[in-house]
Amino acid sequence: MKKLLLPVILCVLLFGFWISRDFQEIAAGVAIFLFGMLMLEDGFKQFSGGVLERVLERTTDTIAKSLGFGFVAATLMQSSSLVSVIAISFLSADLIKLIAGVGIMFGADIGTTTGAWLVAGFGLKVKISAYAMPMLAISIVLIFQRSKYVRGLGYILAGLGFLFLGIHHMKEGFDAFKDQFDLTQFAMTGAAGLVVYTLIGAIATVVMQSSHATMVLVITAMAAGQVSYENAIALVIGANIGTTITAIIAALPATYQGRRLALAHVIFKVVTAVVCLLLINQLVTAVDWISRNLGIGEEDYALKLAVFHTMFNVIGVSIMVPPIQHLIRFLERAIPAPEVDVTKPLYLSRAVESFPATMEVAMRKEVEHLQDNAIALIAHGLNLSRQEIYATDDVAATVEQSTRPMNVDIDEEYERRVKTLYSAIVDFASRAGALNLPRDVTDHIYELRDAAQSSVHAVKAVKHMRGNATEFTRTPQGKITEIYNALRTEIARILVEIQKIGLAEPEMRSTLWLEEERVQIERDRKNTTRVIDSMIRNKEVAPDAATSFMTDSGYAYEAMSDLIDAAQAYYAETDEAMAEIEHILSLEEDEIEGLLIEVSEKDVAR
């Protein structure tokens, strides 16, 4: 169907160009208008990664605030479709709740009606092309500036300029077109007219992917006398139904929450359309009454259409908001949450790639998911229970008592629970690097990818030492059992400390202790050979067991170091001032080496 649609549209356009030069101007006006909307969206996306995301997170805790945010955002952006994509993206990244997303989408549908008021009240009465030219000239200067915010302002100004220019060409085209072709001869009255023109409006919106563009086209056509007022009302109803296609398309690659939101939008528009079609006569009377009270002329059908467009969406919100909790429960039943599969990515859907903030948050959550799997596998690989070592006050004693080998195929579990997620994370980071994201966002995504890599390396190291660690700790075997338990205890202690950091409040979180742990790990690594030599001389361990321990201790210290690297990258301080303090206080590698040499010299002196 999709492959067939493109050639059909192209054939219709070419046929229209052939039969009428004025049709060319109308089509060009629509194209310029849509291009303006794309530039407007690009402009607002330049401000992403900052204000927009913070405002969204803080102003969606109630349904009233969600409606308000959606209204304001769509009024400023003049695109309910963009706001819908924002809501689906944030919902997929688990930044907002489903009820907040529904509220945002409902509010956006009211906010986008302000565009019809601007076109009907200003665009048709003033030669707006005179405003378009200066806007476009200034916008080009701004677009070539280095600051992304200045560029964003340039795109917004250019978008508005192209919107104005598109409206001008549509208006001029219809004015000239009526001299050659009278489209009112296809006008239909009664129920048949409502149904047919509602379908036409829906199809036009699906094709143009913008109810706003359909509204402008209808208003300019009606102003030129090419569409009757009655049929224009049906076209508006159809445009409101057709606009759901954008949310549906955006939801296809989204999580189940994104699909729920798209379904809510479809229900909202279809229910509202049915109610308005059934009460069309009463609504037309209500529009006339409101128009008289607003001082709108009896024959000013363009503004009356704007009144109807706003009324349509206000009625829809009035119908849907009171039972919104019932709607949410229905959505949750209709599209149930899938059972969590820890072997598959939970957050890295295509839907989160619309905005930098959602990409960063989704990456963080997925890396946390991988780290949780990795830590579980590391603990199981050492025959330890995470719950037990997290709950105990004496990690060493708990480790010593953990002698029973865990029934886990670490190689298979690594492939299922770690490697699969890591591949998805690397792929996501590569896609992020190909996008035009803010430098700080890209850098943070790469840092998170590196944290995932460190977790993977830690699991691989534990895989190598699992066999001997199990062999020498399942039953007491003297000193060799003690030193293997000491290795297991060191790793377990690091797992406990990482868990404590994760549970701490962000403002109380610090990773400075990790540098101290790194020093201790390096000190223990340096001393391992000397300790083993002493044990062999005193016949406390057999040479073959000692050789195994030397190899395994290397893997253990490698795992510990990788765990620290992962924690530092994941829990890195984001506040600039605190980050600078931690950077100053943290120990560099050469400082660690110097400290170890100093400790070693003191040991020799003793």
- Over 12 foreign heavy atoms within 6.0 Å of NZ, Lys97: no
- Begin with the C-alpha distance, continue with both residues' side-chain angles, and end with the deciding distance and a verdict on side-chain contact (heavy atoms from CB on, under 4.5 Å) for Asn313 and Phe71. CA-CA 11 Å; Asn313 286 287; Phe71 175 81; over 6 Å; no
- Query: Roughly how far, to the nearest 0.5 Å, is CE of Met311 from CD1 of Ile233?
  - Reply: 9.5 Å
- Looking only at atom types and distance, does a side-chain atom of Glu360 sit under 3.5 Å from a main-chain N or O of Val441, one as donor and one as acceptor? no
- Item | Minimal non-hydrogen separation, Lys344 against Leu421, with atom names | C-CD2, 3.4 Å
- Message: How long is the straight-line distance from SG of Cys276 back to CZ of Phe308, given to the nearest 0.5 Å?
- Response: 5.0 Å
- Query: Is there a side-chain contact between Phe268 and Met105, using heavy atoms and a 4.5 Å cut-off?
  - Reply: no
- Item | Interatomic distance, Leu98 atom CG to Leu327 atom CG [nearest 0.5 angstrom] | 8.0 Å
- Pro345 to Leu348 - nearest heavy-atom pair and separation: CB-CB, 4.5 Å
- Query: Heavy atoms, side chains only, cut-off 4.5 Å: are Met359 and Leu435 in contact?
  - Reply: yes
- Looking only at heavy atoms, which two atoms of Ser291 and Val307 are closest? And how far apart? OG-CG2, 4.1 Å
- Leu235 side, atom CG; Ile200 side, atom CD1 - distance, nearest 0.5 Å: 6.5 Å
- Message: Using side-chain heavy atoms (C-beta onward) and a distance below 4.5 Å, is His369 in contact with Asn373?
- Response: yes
- Message: Please find the pair of heavy atoms, one from Val102 and one from Ala264, that lie closest to each other, and give the distance.
- Response: CG2-CB, 4.0 Å
- Item | Expected output: side-chain Thr112 to main-chain Asp109 donor-acceptor under 3.5 Å | no
- Message: Using side-chain heavy atoms (C-beta onward) and a distance below 4.5 Å, is Phe312 in contact with Ile110?
- Response: no
- Message: Are Met363 and Phe428 packed together at the side-chain level, in the sense that at least one heavy-atom pair is separated by less than 4.5 angstrom?
- Response: yes
- Message: Within the structure provided, determine whether Lys365 and Leu346 are in side-chain contact (heavy-atom separation under 4.5 Å).
- Response: no
- Query: Would a 4.5 Å heavy-atom cut-off, applied to side chains only, mark Leu157 and Ile143 as touching?
  - Reply: no
- Item | Atom pair CD1/CD1 of Ile445 and Ile425 - distance to nearest 0.5 Å | 11.5 Å
- If you measure from CG on Asn231 to OH on Tyr197, what distance do you get to the nearest 0.5 Å? 4.5 Å
